[in-house]
Amino acid sequence: MRLIACTLFVLGLLWDNVRAENSIRSLRVAAVAWEGDLPCRKWDCECAFKHQRGCCCATTELQEVEDQIFMRMMDLSTSMSLLGDSILEEIGGIRVAFTASMSRRTNCFGPFTRNSPIPYDVITLNHGSGYNPALGLFTAPRSGLYSFSFSVYSKVGGEGKRMYYKVQLVRNGEVVASTWEDNREDSEDSSSQTVLLSLQQGGQVYVELLSGRQICGNVQGLNTFSGSMIYPNLA
């Protein structure tokens, strides 16, 4: 009994297939024979009879979708370009870096009765124009994280003479780093410091010699002060 039911079911499916095929064939013949106007101005039978909507009739809608996608891509490209320009302006558009040294004409600097900024007057780099050689002062053109370094070299007249200096880096009136030498054993010596500092726009940094101390025997290029912006504050 079950075998008979299955056989009848399969025969039914085959008959439905035959009827469907006949219907499609009839529709194809009718479509090809149609002589009236069609909304899409052309009949695409291969598309229409693959259980899909006629390709020719969807052309307008597909074109509209393509135009919308193109416009969105153009908007996205414009936004990315503006974002790139903004990033370049924030990070790469403003370059801040300087390097300066004491000229050889300064044989001895100090001693003074008060702390005195060191005049690094030979400028080899000053991007952003933040460094003022007349004052020996760096003023931050914009807020950000900066790296500063300074080196000190001093040479006394001969053995037994006292080498006596102390140099310090000052940010907005506050000492943040220093280096010193106080002995009668060395006729010459050098030292250096490097620090990272956060500065607001207009913040000031300079190197000063403490009162009563001195730097002598200056050789050009050995007493230096330099700095650069690592990255700006984006907030």
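Note that the structure is predicted; figures quoted are calculated from it, not measured.
The distance from atom CG of Leu197 to atom CD1 of Ile230, rounded to the nearest 0.5 Å, is 9.5 Å. With values rounded to the nearest 0.5 angstrom, Met229 atom CE is found 11.0 Å from Arg95 atom CZ. Rounded to the nearest 0.5 Å, atoms CG (Leu222) and NZ (Lys155) are 11.0 Å apart. One distance of note links CG of Leu199 with CG of Asn172; it measures 6.5 Å at 0.5 Å rounding.
In the hydrophobic clustering of ILVMFWY residues, with side-chain heavy atoms under 4.5 Å counting as a link, Phe112 and Tyr165 come out together. Both Ile118 and Val176 belong to a common hydrophobic cluster when Ile, Leu, Val, Met, Phe, Trp and Tyr are linked at side-chain heavy-atom distances under 4.5 angstrom. Put simply, Val167 and Leu137 are part of two different groups of oily side chains (I, L, V, M, F, W, Y) that touch within less than 4.5 Å, one to the next.
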Under 3.5 Å donor-acceptor pairs involving side-chain atoms of residues 201-211, not counting sequence neighbours:
| from | atom 1 | to | atom 2 | distance (Å) |
| --- | --- | --- | --- | --- |
| Gln201 | NE2 | Pro141 | O | 3.1 |
| Glu208 | OE2 | Asn115 | ND2 | 3.3 |
| Glu208 | OE2 | Gln168 | NE2 | 2.6 |

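For Ser192, the side-chain contact (heavy atoms from CB on, under 4.5 Å) criterion is met by Ser151, not counting sequence neighbours. Taking the side chain to side chain donor-acceptor pair (under 3.5 Å) definition, one finds that Ser226 meets it with Ser149, sequence neighbours left out. Listed by chain and number, the residues in a side-chain contact (heavy atoms from CB on, under 4.5 Å) with Ser198 amount to none (sequence neighbours excluded). Ser143 pairs by the side chain to side chain donor-acceptor pair (under 3.5 Å) definition with Gln200, not counting sequence neighbours. For Pro111, the side-chain contact (heavy atoms from CB on, under 4.5 Å) partners two or more places apart in sequence, or in a different chain, are Gln214. Annotation: side chain to side chain donor-acceptor pair (under 3.5 Å) contacts of Arg171 (sequence neighbours excluded): none.
The ring-ring contact (aromatic ring centres under 6.0 Å, His included) pairs that include a residue from residues 117-144 are Phe98-Tyr131, Phe98-Phe138, Tyr120-Phe225, Phe138-Tyr146, Phe138-Phe148, where partners are two or more places apart or lie in different chains.
Val175 has its side chain out of reach of Leu169: every pair of non-hydrogen atoms, C-beta onward, lies at least 4.5 Å apart.
The hydrophobic side chain of Leu125 is isolated, with no ILVMFWY side chain under 4.5 Å apart from it.
Residues Pro119 and Met102 come closest through the heavy atom pair O-CG, 4.0 Å. Nearest heavy-atom pair across Leu196 and Ser147 is CD2-CB, 3.6 Å.
At distances below 3.5 Å, not a single donor-acceptor pair connects side-chain atoms of Ser191 with backbone N or O atoms of Asp189. Of the possible polar contacts, one joining the Asp121 side chain to the Ser103 backbone as a donor-acceptor pair under 3.5 Å is found. A donor-acceptor pair is defined here as one N or O able to donate and one able to accept, closer than 3.5 Å; such a pair exists between the side chain of Asn223 and the backbone of Tyr153.
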